[in-house]
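Take a look at the structure set out below.
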Amino acid sequence: MSIWLLKTEPAECGIEDIRNAEGGVMRWDGIRNFQARNMLRDRVAVGDLCLIYHSGVREPAIVGSADVVRAAYADPAQFDPASEYYDERSRPEDPRWFCVDIRFRERFPHPLPLAEIKRTAALAAMVLLRQGRLSVQPVSEAEWRSIRGLCGVRRG
DNA sequence: GCCAACGTTGGC
DNA sequence: GCCAACGTTGGC
């Protein structure tokens with residue numbers, strides 16, 4: 001079992017959108033970065049845990065978690081000319097981009113702002129602080145535990 | 001709105 | 001294969 005941090009702009013798809021999706025299940029699509037794509041395609045597995053991070057807002061923060069309920073499959077948006085994620089170079093027999101399905105797990109009692117992550121020693125090694133732009137990134141179990149504690153989660 | 005970081009593209 | 005130009009992300 002692995003743990004991931006998934007970045008999203010809440011104006012487009014926030015933690016509440018995941019919660020409110022049918023069955024709490026949301027397709028995590030639109031990833032158009034090769035490094036993130038490779039992790040989605042090769043590493044993200046059913047049962048993995050995900051931290052949901054809100055970016056592009058006044059106070060960027062980790063706000064909740066989800067789990068992976070379907071492993072990588074071809075992102076349908078790459079074949080849809082009407083989609084902003086359309087990619088004319090993609091072929092159905094050789095897709096360039098992948099997506100996974102995640103399911104809402106919890107919204108944390110309080111968010112963990114980026115500013116607080118930066119001043120937390122236990123989180124100093126987080127990929128988020130070194131590769132700020134990577135939208136799918138690995139999280140260690142120790143980081144997961146620290147983050148949940150800081151977010152006011154009692155146990156688990 | 002600015003700008004730094006960094007990924008991608010394309011000329012050579 | 002290098003690297004400059006360009007585009008995008010995302011914090012501030």
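Just so we're on the same page: letters track the sequence lines, and every chain starts at 1.
- Among the atoms of the strands shown, only primed sugar atoms or phosphate atoms (P, OP1, OP2) are found under 4.0 Å from some heavy atom of A:Arg89.
- Interface limits on DNA chain C: the 5'-most and 3'-most nucleotides within less than 4.0 Å of chain A heavy atoms are C:dG7 to C:dC12.
- Within the structure, the ring-ring contact (aromatic ring centres under 6.0 Å, His included) test picks out the following pairs touching residues 20-46 of chain A (sequence neighbours left out): A:Phe34-A:Trp97.
- Residue pairs meeting the side-chain hydrogen bond (donor to acceptor under 3.5 Å, both in side chains) criterion with at least one partner in residues 114-132 of chain A, sequence neighbours excluded, are A:Gln35-A:Gln131.
- Judged as a salt bridge (Lys or Arg N to Asp or Glu O under 4.0 Å), and not counting sequence neighbours, the contacts of A:Arg96 are A:Asp87.
- Among residues two or more places apart in sequence or in another chain, the side-chain hydrogen bond (donor to acceptor under 3.5 Å, both in side chains) test is passed with A:Arg133 by none.
- Using a 4.0 Å heavy-atom cutoff across all strands shown, A:Arg32 reaches no nucleic acid atom at all.
- The side-chain hydrogen bond (donor to acceptor under 3.5 Å, both in side chains) test applied to A:Arg43 returns no partner, not counting sequence neighbours.
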